[in-house]
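The structure under discussion appears below in the form of C-alpha cells.
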Number of protein chains: 2
Amino acid sequence: MGLPNIRVSVDAVVFGYDSKEGLSVLLIKRKVAPFKGEWALPGGLVKEDESLETAVHRELEEETGITVNYLEQLYTFGTPGRDPRNRVVTVAYYGLVRQSEFDVYAATDAADAKWFHIDDTPKLAFDHEQILAAATKRLRGKLSYEPIGFELLDEKFRFSDLYHLYQTIYNPTGEKKIDRRNFKKKFLQLGILEELPEKVSEGRGRPGALFKFDKEKYFALKERGMLFQV
Amino acid sequence: MGLPNIRVSVDAVVFGYDSKEGLSVLLIKRKVAPFKGEWALPGGLVKEDESLETAVHRELEEETGITVNYLEQLYTFGTPGRDPRNRVVTVAYYGLVRQSEFDVYAATDAADAKWFHIDDTPKLAFDHEQILAAATKRLRGKLSYEPIGFELLDEKFRFSDLYHLYQTIYNPTGEKKIDRRNFKKKFLQLGILEELPEKVSEGRGRPGALFKFDKEKYFALKERGMLFQV
DNA sequence: GCAAAAGTGTTCCTTTTACACCCATGC
DNA sequence: GCATGGGTGTAAAAGGAACACTTTTGC
C-alpha cells in the first residue's frame with residue numbers, strides 16, 4: 001500500500017463592502033487547466049514549508065494583488081473528485097475588506113480578477129459555488145454574535161453606512177425591516193462607537209455625524225463574543 | 001520546483017457523556033512512532049479515495065472500535081512542524097456519544113483506548129491538546145445556539161439527566177447556577193420534548209417522568225438554528 | 001420520620017418591539 | 001418649497017431571572 005497522493009490547497013472567499021454597491025465577492029478567471037478561462041475563488045496549492053494562512057495570503061497576492069488583514073478559516077472541503085485531476089483537499093478561508101480600498105487587478109497567476117456583486121456571481125469552477133454559499137451563510141451568522149464593521153467600513157463613517165451594512169448582509173432582498181431607531185439604540189449601547197463632532201452631507205439631505213470604532217473596545221468585545229440580534 | 005509533500009490526516013475529538021461520570025473524551029495510546037506510547041486523539045492519514053468523513057469513521061473503528069453517528073468538522077490544523085517527521089495537515093472533527101453505549105477497546109491500530117474525564121486528561125501527543133481545547137470551547141458554544149442532547153442521552157431520560165448535562169457542560173466547576181424551574185420551562189417551550197407516562201425512580205427520591213426527543217422537531221430546530229441561552 | 005429527588009407559579013425586571021414627527025441641507 | 005436623508009422617545013409586550021414549598025418515594 002503506497003502513500004496516498006493527496007494535495008492540499010487553500011481558497012479564499014473575500015467579501016468586499018461598499019456603501020453604494022453593497023456586498024461583493026472577489027473572483028478570478030483561471031489561467032490554467034482545469035477549468036481554464038472559468039471563474040473561481042482565488043487560491044492554490046500550499047507549499048511544504050508555509051502555513052495555511054501564509055498560503056492564502058500569498059495566493060491572494062499572486063492572483064489578485066490584494067492584501068487582506070482579516071481572514072478566518074471557514075471549512076475544509078475534501079470530497080474525492082472535487083478536482084477532476086488529482087485528489088485535492090482544500091482549506092477555505094473567508095475575509096472581509098473595504099472594497100474601495102483595493103485596486104484589484106489580475107496579477108501574475110490569474111487571467112482576470114474582479115469583484116462580483118454577491119447576487120450576481122457567475123458559474124464557478126470546482127465546488128466553489130458550494131464554498132461561496134458556506135461563506136455567505138457564515139458571514140450572516142457571524143453578524144449576530146460578533147461585531148462586524150471595522151473591517152468593512154472606512155475609518156470614519158456615517159451611522160447610516162453601518163445601518164446599511166447590516167441591512168445588506170441580513171436582508172439581501174432589500175425589503176426594509178430593521179428599525180432604524182432600535183438599531184441605533186442597540187448598537188450605541190455596545191459602547192464601541194465614538195461619535196465625532198464632524199458632520200458630513202451626502203449631497204442631499206441633512207448632514208449626519210461621523211462615527212468611528214473604539215478599536216480597543218471593539219476587539220475586546222469581539223474576543224469575548226457578544227450577542228447581537230437584529 | 002517539485003510538488004509539495006504534504007499529507008492529510010483526520011483526528012477525532014469524541015465526547016462521551018454519562019449522567020454519573022459527566023463529560024469525557026476518548027483517547028488512544030499510540031502504538032507507533034512518533035510519540036509511541038503517549039496518549040493522543042484517535043486519527044490517522046486519509047486514503048486517496050476516501051472522503052474525510054469516511055476516514056474519521058474508519059480510524060475510529062480501527063483504533064477504538066466505536067461507531068459515532070454524530071460528527072462535525074471542527075477546524076483544520078496545518079502549522080508546519082506540528083508533526084515532527086513530515087508536513088501533515090490534519091482536519092479535526094468532534095462528535096458526541098452516549099458513553100454507556102460504547103465498549104471501548106484498543107482495536108488493532110492502538111495500544112490502548114479509553115475515556116478520560118474532561119478535567120483529567122493526560123499530556124497529549126502532537127498539538128492535540130490544542131485541538132482538544134478548541135473542541136471543548138466549540139462544544140460549550142454550540143450548546144447555546146443548538147439543541148444538544150439527543151446524541152448524549154439515552155432514548156428515554158429523566159428531565160434531571162438533561163438538566164445535569166447542561167449543568168455539566170456549562171459549568172464544569174460545579175457551583176450550581178442554572179435554575180431548575182426556569183430551565184425546564186424554557187426547554188419545554190422549545191417543543192422538542194415528549195413526556196412519557198412512565199415514571200422511574202433513581203433508587204431514592206420521588207420518581208420522575210421519562211422524556212424523549214421528538215426527532216423530527218429536534219432536527220428541524222437544529223437545522224434552523226435556535227437561540228437558547230441558559 | 002427523614003433524606004433525596006421531582007414537581008410546580010408568580011412577581012419583578014429587563015429587553016425588545018412598534019411606531020411618527022421634526023430638522024438640516026441641496027436644488 | 002420640496003425632496004432627501006438625519007435625528008430623536010415612549011409605551012406596550014415579551015422574555016428572562018429570582019425565588020420556596022409541597023409531593024413521592026426508599027430506607
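We name chains A, B, ... by the order of the sequence lines, and we start the count at 1 in each one.
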Practice item. Rounded off to whole Å, could you give me the CD-to-C1' distance for the B/Glu198 and C/dA6 pair? Key: 17 Å
Review point. With a distance cut-off below 6.0 Å to the six-membered ring centre and an angular limit of 45° from the axis, does A/Lys222 pair with A/Tyr218 as a cation-pi contact?
Key: no
Review point. What's the NZ-P distance between A/Lys184 and D/dG9, to the nearest Å?
Key: 10 Å
Point to revise | side-chain contact (heavy atoms from CB on, under 4.5 Å) partners for A/Thr136, two or more places apart | key: A/Phe15, A/Ile118, A/Leu132, A/Arg140
Review point. Rounded to the Å, how far apart are A/Phe183 CZ and D/dT8 P?
Key: 15 Å
Exercise for review: Please determine if a side-chain N or O atom of B/Ser160 lies less than 4.0 Å away from the OP1 or OP2 oxygen of C/dA5.
Suggested key: no
Listed pairs under 3.5 Å, donor-acceptor, residues 16-23 of chain B side chains, sequence neighbours left out:
unit_1, atom_1, unit_2, atom_2, d
B/Tyr17, OH, B/Leu165, N, 3.1
B/Asp18, OD1, B/Lys20, N, 2.8
B/Asp18, OD1, B/Glu21, N, 3.1

Point to revise | Validation row, ring centre A/Tyr163 to ring centre A/Phe159 under 6.0 Å | key: no
Practice item. Return the value, rounded to whole Å, for the distance between atom CD of A/Glu195 and atom C1' of D/dT8. Key: 12 Å
Revision key, fill the gap. In whole angstroms, the gap separating P of C/dA6 from OH of B/Tyr163 amounts to 10 Å
Study note, to complete from the structure: With sugar-phosphate taken as primed atoms, P, OP1 and OP2 and all else as base, the protein-contact string of nucleotides 19-27 of chain C at under 4.0 Å (heavy atoms; B, S, -) is BB--BBBS-
Exercise for review: Return the value, rounded to whole Å, for the distance between atom CZ of B/Arg158 and atom C1' of D/dT24.
Suggested key: 15 Å
Exercise for review: Flag the pair A/Lys156 and A/Glu198 as a salt bridge only when some basic side-chain nitrogen lies within less than 4.0 angstrom of an acidic carboxylate oxygen.
Suggested key: yes
Review point. Atom CG of B/Asp161 to atom C1' of C/dA6: distance rounded to whole Å?
Key: 13 Å
**Study point:** Closest approach of B/Lys142 to B/Tyr94 (non-hydrogen atoms, all atoms of both residues)
**Key:** CD-OH, 2.9 Å
Review point. With a 4.0 Å cut-off on heavy atoms, is A/Lys199 in touch with a base, just the backbone sugar-phosphate, or nothing at all?
Key: nothing
Check your understanding: Between A/His164 (NE2) and D/dT4 (P), how many Å, whole number?
Key -> 14 Å
